[in-house]
Amino acid sequence: MKKIITALFFIGTISNSFAQQLQSSSFYEVQSLIHNPSMVGTQKTNVVGLTYRTQWSGISGAPKTATAFGSFELPKLKAGIGGFIYNDVTGPTSRTGINLSIAKHINFSNGAKFSIGIENKLQQYAINRAKLTTTLGADPALGTSDNKFKYDAGFGVAYVSSTFTVGASVSQLVQSKLNFYEGNLTTTAQARLYRHYYLHGSYTWNVDGVTTITPNALAIYLPNAPFEFMGGIRVEHNETLWWGIGYRNKQSVTLNAGVNLNKKLTVGYAYDSYLTPISNFDGGSAGHEFILKYNLAK
């Protein structure tokens, strides 16, 4: 049964290979540089962090993603630099890559910034065919190569103030071809790294000088894949304790909470309760994500 489920995950990956989605996060508003390179260096302090995310944890071969990220401001250059490395595994397929971003900041007298950023990314897309041979046999669709190294790039813009953030970006501009299959069969579609378009925003409302409420949203569009929208609200008390609730359209409801220790180390956890396509009641179980973030300010 586990082999069949793993095969189904892989078939789903192949059928969507025309527009294979990049990884996302339940903490998207905390690590926005993953979706928009112009966000590097725009936060109040320099930060580094780690996240680990599992989805549909009750299914063998379900997606697992580990990410390490960093964002740094270069005040003298009026710029920011940062990036992330990641490993994203779904059944027999995996992606391992590194993204490096640099952004130019235009500062305003009110302390806000307009930022323009670019990213360079190198990715290894791999297939473990040994996991599929028993279930699918010698299917030509599995390809004749185990992995591919591909370069791609992205671009983004953002406006960031003390209370308001809005940004837009596009990733995988080059749309590099994967070319796993190199045989004699005629193919009707080409697997490639298709462009992703992002639009995100947030607003921080200072309620009483101690408590802040931050509504946030992220929209993702790419060809041949369902439109994705994530929205939520984050509440923070005395810059120490925080909690939030979110919704991912046609997929899940998210609850998250965390603590900021001495305004230096942030520890958080997010729980995704899935509604579709495989709900908790169908044996898909839940999603879990953990985050550690460290503030480098003295």
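Quantities reported herein were computed from a predicted structural model and do not represent experimental measurements.
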Just by distance, do the side chain of [X] and the backbone of [Y] share a donor-acceptor pair under 3.5 Å?
X: Thr90; Y: Ala62; value: no
X: Ser115; Y: Ser38; value: yes
X: Thr240; Y: Asn238; value: yes
X: Asp152; Y: Val174; value: yes
X: Arg195; Y: Ser171; value: no
X: Asn36; Y: His200; value: no
X: Asn120; Y: Ser101; value: no
X: His196; Y: Tyr194; value: yes

Any side-chain heavy atom of [X] sitting closer than 4.5 Å to one from [Y]?
X: Lys250; Y: Pro226; value: no
X: Thr45; Y: Leu296; value: no
X: His35; Y: Ser24; value: yes
X: Ile118; Y: Ile102; value: yes

Verify the distance criterion only: is there a donor paired with an acceptor across the side chains of [X] and [Y] at less than 3.5 Å?
X: Tyr203; Y: Asn216; value: no
X: Ser26; Y: Asp272; value: yes
X: Ser25; Y: Gln31; value: yes

On a heavy-atom basis, which atom in [X] and which in [Y] lie closest, and how many Å separate them?
X: Asn206; Y: Val210; value: OD1-N, 4.2 Å
X: Met39; Y: Thr165; value: CE-CG2, 4.0 Å
X: Trp242; Y: Val259; value: NE1-N, 3.5 Å

Hey, what do you get for [atom1] ([X]) to [atom2] ([Y]), rounding to the nearest 0.5 Å?
X: Thr254; Y: Tyr247; atom1: OG1; atom2: OH; result: 10.5 Å
X: Gln124; Y: Thr96; atom1: CD; atom2: OG1; result: 5.5 Å
X: Ile220; Y: Tyr28; atom1: CD1; atom2: OH; result: 10.0 Å

Please list, one pair per line, the donor and acceptor atoms closer than 3.5 Å that link side chains of residues 105-112 to other protein atoms, with sequence neighbours excluded.
{"from": "His105", "atom 1": "NE2", "to": "Val40", "atom 2": "O", "distance (Å)": "3.1"}
{"from": "Asn110", "atom 1": "OD1", "to": "Ala112", "atom 2": "N", "distance (Å)": "3.0"}

Determine, using the 4.5 Å side-chain heavy-atom cutoff (strictly less than), whether [X] and [Y] are members of one ILVMFWY cluster.
X: Phe229; Y: Leu199; value: no
X: Leu173; Y: Ile116; value: yes
X: Val166; Y: Tyr221; value: yes
X: Val235; Y: Val207; value: yes
X: Met230; Y: Leu22; value: yes

*Quick one: side chain to side chain donor-acceptor pair (under 3.5 Å) pairs with a partner in residues 154-164, sequence neighbours left out?*
none

_Result of checking Gln123, Arg95, Gln23, Lys121 against Tyr86 for side-chain hydrogen bond (donor to acceptor under 3.5 Å, both in side chains)_ = Gln123

*Are Arg234 and Trp243 in a cation-pi setup, meaning NZ or CZ lies under 6.0 angstrom from the ring centre and within 45 degrees of the ring axis?*
no

_Using the rule given for side chain to side chain contact (heavy atoms under 4.5 Å, CB included), can you reason through Leu292 versus Thr266, listing the C-alpha separation, both sets of side-chain angles and the distance that settles it, and then say yes or no?_
CA-CA 6 Å; Leu292 288 175; Thr266 297; over 6 Å; no

*asked:* Using ring centroids (six-membered ring only for Trp), state whether His288 and Tyr271 fall under 6.0 Å.
replied: yes

*Within a reach of under 6.0 Å around NZ of Lys264, are more than 12 heavy atoms found that belong to other residues, nucleotides or ligands?*
yes

*Is the number of heavy atoms from other residues, nucleotides or ligands under 6.0 Å of Ile85 CD1 greater than 12?*
no

Expected list for residues 65-84: side-chain donor-acceptor pairs under 3.5 angstrom, two or more places apart:
{"from": "Thr65", "atom 1": "OG1", "to": "Asp88", "atom 2": "OD1", "distance (Å)": "2.5"}
{"from": "Ser71", "atom 1": "OG", "to": "Gly41", "atom 2": "N", "distance (Å)": "2.8"}
{"from": "Ser71", "atom 1": "OG", "to": "Gln43", "atom 2": "OE1", "distance (Å)": "2.8"}
{"from": "Ser71", "atom 1": "OG", "to": "Gln43", "atom 2": "NE2", "distance (Å)": "3.0"}

_Set out, in order, the CA-CA distance, both residues' side-chain angles and the distance that settles side chain to side chain contact (heavy atoms under 4.5 Å, CB included) for Leu241 and Glu236, then state yes or no._
CA-CA 6 Å; Leu241 298 174; Glu236 187 167 325; over 6 Å; no

*So which of Phe27, Tyr52, Tyr269 actually passes ring-ring contact (aromatic ring centres under 6.0 Å, His included) with Phe290?*
Tyr269

